[in-house]
Number of protein chains: 2
Amino acid sequence: MKAQALHGHLDALLLAVLEQGELHGYAVIEALRARSAGQLDLPTGTIYPALRRLERAGHVASSWSTVNGRERRTYRLTDSGRASLAGERAGWREFSATVGRFLDPAGPPATPA
Amino acid sequence: MKAQALHGHLDALLLAVLEQGELHGYAVIEALRARSAGQLDLPTGTIYPALRRLERAGHVASSWSTVNGRERRTYRLTDSGRASLAGERAGWREFSATVGRFLDPAGPPATPA
DNA sequence: CCTTCATACGTAGCAACGCTACTTGTCAGC
DNA sequence: GCTGACAAGTAGCGTTGCTACGTATGAAGG
């Protein structure tokens with residue numbers, strides 16, 4: 001999968017995985033890899049800054065804990081994050097329908113408003 | 001539609017509209033607007049540089065003509081562009097299936113390879 | 001005649017975003 | 001002692017689309 005294709009949709013993916021329960025950063029990476037059947041294998045340099053961005057935006061909150069001597073920062077969705085995810089989902093549907101109209105062979109030429 | 005969502009998919013869209021026949025830049029903008037029912041209203045500062053990029057990459061070729069005293073640079077797909085479009089289509093299907101698995105409610109948890 | 005709008009092309013500079021490469025540290029297994 | 005999985009992070013870069021301009025013609029309206 002081409003890497004830069006994700007542009008602008010990563011935040012939505014992160015919110016979506018956190019919707020099912022709180023996770024720490026490393027676990028987010030594994031969740032993405034598992035739920036995408038290996039398609040999404042994102043480096044830590046992508047995930048950690050993105051989670052910090054979401055936290056600055058108020059869409060997730062984090063707390064530290066120590067498990068087996070390893071420091072973990074666990075993230076959970078906030079109400080704001082849940083609302084944002086709903087918007088991202090709507091945006092995704094609109095976006096994929098629009099682009100699909102050009103790129104999917106079965107797409108009709110235009111759906112009248 | 002969020003603007004930056006297009007990131008990485010614009011080239012594919014341009015190749016797709018040119019697949020149906022050669023067009024000049026301004027007409028490409030109108031074709032995108034028409035076929036997307038107004039969802040894609042892209043500024044010239046986006047389209048013109050993108051077409052030049054595609055030409056540098058060898059995916060389109062251009063020629064000048066004068067119509068009603070207006071200079072037009074008309075673009076057409078090359079064989080390389082047609083091949084690239086096929087790849088972009090495959091990439092789009094993979095990408096939209098993967099992201100859709102997280103963002104579309106009907107998506108199954110994972111499709112085993 | 002003059003202004004405005006649609007047509008038509010283009011560039012410069014900016015901001016967003018994800019990636020590469022690197023660093024730090026613990027624990028398990030050889 | 002060393003390697004590899006686990007766990008977190010930052011600095012700097014490259015790509016890409018957008019905003020804001022600039023130029024020019026033809027048609028329409030006053």
Side-chain angles (χ1 to χ4, degrees), chain A residues 1-15 22-34 36 39-57 59-60 62-75 88 91-92 95 98-99, chain B residues 1-15 22-34 36 39-57 59-60 62-75 84 88 91 95 98-99:
Chain A
M1 163 125 52
K2 279 223 313 261
Q4 71 272 27
L6 265 186
H7 250 275
H9 304 288
L10 177 61
D11 288 3
L13 292 180
L14 295 180
L15 295 176
E22 54 179 47
L23 293 171
H24 59 283
Y26 197 86
V28 166
I29 294 174
E30 292 178 321
L32 286 168
R33 191 165 43 218
S36 70
Q39 293 292 303
L40 291 173
D41 196 358
L42 303 180
T44 66
T46 292
I47 299 301
Y48 291 127
L51 287 170
R52 305 301 230 87
R53 210 164 52 221
L54 287 175
E55 187 169 28
R56 271 202 312 276
H59 296 328
V60 304
S62 70
S63 55
W64 284 98
S65 60
T66 304
V67 177
N68 284 351
R70 259 71 162 268
E71 295 291 303
R72 283 183 179 173
R73 198 209 280 261
T74 302
Y75 291 92
E88 297 272 15
W92 165 254
F95 169 74
T98 300
V99 177
Chain B
M1 163 127 51
K2 279 222 314 262
Q4 72 272 27
L6 264 186
H7 249 275
H9 303 289
L10 177 61
D11 288 4
L13 292 180
L14 295 181
L15 295 176
E22 54 179 47
L23 293 171
H24 60 282
Y26 196 85
V28 167
I29 294 174
E30 292 180 319
L32 286 168
R33 192 166 42 219
S36 70
Q39 293 291 304
L40 292 172
D41 196 358
L42 304 179
T44 66
T46 293
I47 299 301
Y48 292 126
L51 287 170
R52 305 300 230 88
R53 210 163 52 222
L54 287 174
E55 186 168 29
R56 271 203 311 277
H59 296 328
V60 303
S62 68
S63 54
W64 283 99
S65 60
T66 304
V67 176
N68 284 352
R70 259 73 163 263
E71 295 291 304
R72 284 183 179 174
R73 197 208 281 260
T74 301
Y75 291 91
S84 172
E88 296 273 16
F95 170 74
T98 300
V99 177

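Proteins get letters first, then strands, A, B, ... in listed order; numbering begins at 1 in each.
Scanning both residues, B:Thr44 and B:Pro49, for their nearest heavy atoms gives O-CD, 3.6 Å.
Candidate nucleotides D:dC6, D:dG17, C:dC9 were compared by shortest atom distance to the side chain of B:Asp11, and D:dG17 ranks first. Of the listed nucleotides (C:dG10, D:dG9, D:dG17), D:dG17 has the atom at the smallest distance from the side chain of B:His7. The side chain of B:Tyr48 approaches C:dT11 more closely than any other nucleotide in the set C:dT11, C:dG18, D:dA7. Here the side chain of B:Glu30 is nearest to one of D:dA7, C:dT7, C:dG10, namely C:dT7. For B:Leu42, whose side chain is taken as the heavy atoms from C-beta onward, the closest listed nucleotide among D:dC18, C:dG10, D:dA8 is D:dC18. For A:Arg53, whose side chain is taken as the heavy atoms from C-beta onward, the closest listed nucleotide among C:dC17, D:dG17, D:dC6 is C:dC17. The listed nucleotides are C:dT11, D:dA8, D:dT19; the one nearest the side chain of B:Pro43 is D:dT19.
As rounded to whole Å, 10 Å separates atom P of D:dT25 from atom CD of B:Glu71. Atom pair A:Asp41:CG and C:dT20:P shows a separation of 11 Å (rounding to whole Å applied). Distance A:Asn68 CG to C:dG25 C1': 15 Å, rounded to the nearest Å. Going from atom NE2 of A:His9 over to atom P of D:dG17 covers 12 Å, rounded to whole Å. Rounded to whole Å, the distance from CG on B:Leu10 to P on D:dT15 is 16 Å. As a whole-Å value, the separation of A:Ile29 CD1 from C:dG18 P is 14 Å. Distance CG (B:Leu51) to P (D:dT16): 14 Å, rounded to an integer number of Å. At whole-Å resolution of the value, CG in A:Leu6 and C1' in C:dT20 are 16 Å apart.
Side-chain atoms of B:Glu88 do not come within 3.5 Å of backbone N or O of B:Asp11 as any donor-acceptor pair.
Taking for each of B:Thr46 and A:Thr44 the nucleotide of DNA chain D with the nearest heavy atom, the 5'-most of the two is the partner of A:Thr44.
When side chains are defined from C-beta on, B:Arg73 does not count as touching B:Tyr26, because their heavy atoms never get closer than 4.5 Å. Using a 4.5 Å heavy-atom cutoff, the side chains of B:Leu32 and B:Leu14 are in contact. In this structure the side chain of B:Leu40 reaches within 4.5 angstrom of the side chain of B:Leu6, judged on heavy atoms.
Within 4.0 Å (heavy atoms only), B:Gly45 reaches at least one base atom of the nucleic acid. Among the atoms of the strands shown, only primed sugar atoms or phosphate atoms (P, OP1, OP2) are found under 4.0 Å from some heavy atom of A:Arg73.
Phosphate proximity of D:dA7 to A:Arg72: present, with a side-chain N or O under 4.0 Å from OP1 or OP2. Close to C:dC27, at under 4.0 Å from its OP1 or OP2, lies no side-chain N or O of A:Arg70.
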